[in-house]
> 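Have a look at this one.
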Amino acid sequence: MALRFHIKAVPATAAVALVLSLLPARWIAPWSADLSAILWIPLMPAAHVLAGARAWLRPPMGPGVIDAGSAARIQEERDHYRGLWHSERLRVADLESQLRLVATLSQRSGSEEGLVVARVVREGDSARASLIDAGTAHGVQGGNPVIALGEVLLGRVAANPDRWSCIMEPINSPSIGRIEAVITPSEAGGMASASRRRSIRVQLAVDSDGFWAGDIDAGSEVDLGDEVRLDDPTWPASARGLRLGAVAWIGRKDEQPLRGQILVRPALDSSRVAQVVIRTNPPQEQPP
Amino acid sequence: MHRLVFIAAMLIGLVLDASFVPVLEVGGVRPSVLLVLVVFVCLCGERDAAKWAAIAGGLSLDLSNPVVLSGAPSIYVVGPNLLGFLFGAQLLGSLRGVLLKRSVLAMAVATLLFAAAAAVVVVFVWSARLWIVGPPVPWDSSGARSMLWSLALSGVLSSLLALPLGWLLIRSFPMWGFPSVGSWGRR
């Protein structure tokens, strides 16, 4: 009887082993590691002693037995790959930032407009033109608005862009001339108070400090920090509503007592921006 | 066969394989004391004892060689070595009528045959596992062929190890409780 049991037990064990060997890792990982630990716990002390004997008889290769030339080469390679790793990390961070920027702008604008992410390859000062590495090959045309941080209008593409680059005229450049804008209540004071006040239209001109100056009625409800957004029909529609800056000073005009004056600080200094987005025109539909 | 003797010898072989035998490593391949021990039992023990010795040896080997998963705990796949050893024992069981029982050279040849048979089954089971449930597998990008080649080389080294180790095991023959020569092959 015992003999029959043994004869059947071996194939049964083989069958069980075959099934176990084909189980997914998540099914066997929890218990197989425990089984191994149970098997090896009593063997560990002996294994440790024997491993020491082996290391004495045949020392493993390690830093101590590598010659100086090899060690220097390995360190050099390590430093090289460490540098590459840091470089790639920065590149990934850069790409993530571009992705966020494009995602933000895509939500704000319709699908008809194109968005070109570009770099400022040569900075001008705050009121002078900067060179951007995107051109007609990317769909950029003269007059396209140049944006940063998702909604801040930095300027526009100068006329006749090159194939691979273009010039950006900063929004506070004297060459831009007067621009029409709208002062909207800042949301810092709360949505309720902001909604009670209405928007005020204003015409802005650049002063010598790079700020915009504009006239308003003396009784206008304008507070410091109120946002100023472009509302100029001479600019592309895609630029309207973009943020220019914030009210930095409110005063009264001496020569016109019923008129007030404001100064608007640009939201961004265009000379300190490294990455921009250009909103290109929607492609023209071909006539049938 | 005295089971306690085999279990003690198997554990000693397991510890030696894991900790000391790497001193004999050649080109990243090492022999196996456990393999030689199982071959010795297959040649000298009863048929059933040989099969159970192969099962125990293969199982202990499976539980000693984890497959490392990147970013996850290692897993021990129970089965490939167990089945490989069992197949090797089956092969030796059919050949031991033509092999000298107490010959060191016969042990070396039997070790080589056993290792080759086991290697084929081990690689086959891992390949089947890869096909059915996917990674991980114990071979690198060079594929299953490299593992088969590595196991075959290990078998060659083990057969060389079987020359001195076989001599020692044959010397210890009385303590194993194997059946006398006249009763071989009956069970």
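Below, chains carry the letters A, B, ... as their sequence lines are ordered, and counting in each starts from 1.
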> Keeping the roles fixed (side chain from A:S21, backbone from B:G79), state whether a donor-acceptor pair exists under 3.5 Å.
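Not at all, since once roles are kept as given, no pair shorter than 3.5 Å links the two residues.
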
> Between B:E25 and A:R58, what is the shortest heavy-atom contact and its length?
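Heavy atoms only, the tightest pair is O-NH1, 2.8 Å.
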
> In terms of heavy-atom pairs under 4.5 Å with chain B, which of A:L57, A:L20, A:L43 leads?
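Option with the greatest count: A:L43.
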
> Ignoring hydrogens and angles, tell me if any N or O in the side chain of B:R129 forms a donor-acceptor pair with the backbone of A:L23 under 3.5 Å.
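Looks like yes, one N/O pair under 3.5 Å.
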
> If every non-hydrogen atom of A:L22 is compared with every non-hydrogen atom of B:V133, which pair is closest and at what distance?
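Reported closest heavy-atom pair: O-CG1, 3.2 Å.
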
> Looking at A:R240, I'd like to know if its CZ atom is crowded, meaning that more than 12 non-hydrogen atoms belonging to other residues, nucleotides or ligands lie closer than 6.0 Å.
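Counting neighbours around CZ of A:R240, more than 12 heavy atoms of other residues, nucleotides or ligands fall under 6.0 Å, so yes.
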
> Can I get a per-line list of side-chain donor-acceptor pairs under 3.5 Å for residues 17-24 of chain B, giving both atom names and the distance, sequence neighbours left out?
unit_1, atom_1, unit_2, atom_2, d
B:D17, OD1, B:V33, N, 2.7
B:D17, OD2, B:S32, OG, 2.9
B:D17, OD2, B:V33, N, 3.4
B:D17, OD2, B:L34, N, 3.1
B:S19, OG, B:V15, O, 2.6

> Show, in sequence, the C-alpha distance, side-chain angles and deciding distance for A:I28 and B:V77, and conclude whether the side chain to side chain contact (heavy atoms under 4.5 Å, CB included) test is met.
CA-CA 7 Å; A:I28 55 177; B:V77 177; 3.8 Å; yes

> Identify which of B:G134, B:P66, B:S64 forms the greatest number of heavy-atom pairs closer than 4.5 Å to chain A.
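Option with the greatest count: B:S64.
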
> Above 12 or not: heavy atoms from other molecules or residues under 6.0 Å from CZ of A:R26?
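It does not: A:R26 CZ has 12 such atoms or fewer within range.
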
> Determine which residues belonging to residues 152-163 of chain B lie within contact range of chain A, meaning some heavy atom pair is under 4.5 Å apart, and list them by number or answer 'none'.
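Residues of residues 152-163 of chain B touching chain A at under 4.5 Å: none.
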
> How close do B:I75 and A:A25 get, counting heavy atoms only, and between which atoms?
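Heavy atoms only, the tightest pair is CD1-CB, 3.7 Å.
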
> Could you grab the distance from atom CG of B:L14 to atom CH2 of A:W40, nearest 0.5 Å is fine?
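Rounded to the nearest 0.5 Å, the CG-CH2 separation comes out at 4.5 Å.
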
> Nearest 0.5 angstrom please: A:I38 CD1 to B:L63 CG, how far?
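Going from the CD1 atom of A:I38 to the CG atom of B:L63 covers 9.5 Å.
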
> Roughly how far apart are B:Y76 OH and A:L35 CG, rounded to 0.5 Å?
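It comes to 10.5 Å.
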
> Which region of A:L39, side chain (C-beta onward) or backbone (N, CA, C, O), has a non-hydrogen atom less than 4.5 Å from a non-hydrogen atom of chain B, or is it both or neither?
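Interface part for A:L39: side chain.
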
> Who in residues 81-91 of chain B is close to chain A, using a strict under-4.5 Å heavy-atom cut-off?
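Residues in range: B:L82, B:L83, B:L86.
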
> Is A:W27 atom CH2 crowded by more than 12 heavy atoms from other residues, nucleotides or ligands, each under 6.0 Å away?
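For A:W27, atom CH2 is not crowded (no more than 12 foreign heavy atoms under 6.0 Å).
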
> Is it the backbone or the side chain of B:L130 that comes under 4.5 Å from a heavy atom of chain A, or both, or neither?
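B:L130 has no heavy atom closer than 4.5 Å to chain A.
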
> Is there any residue in residues 110-117 of chain B with a non-hydrogen atom under 4.5 Å from a non-hydrogen atom of chain A, and which ones are they?
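Residues in range: none.
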
> Any side-chain heavy atom of B:W52 sitting closer than 4.5 Å to one from A:V10?
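SC-SC contact between B:W52 and A:V10 confirmed.
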
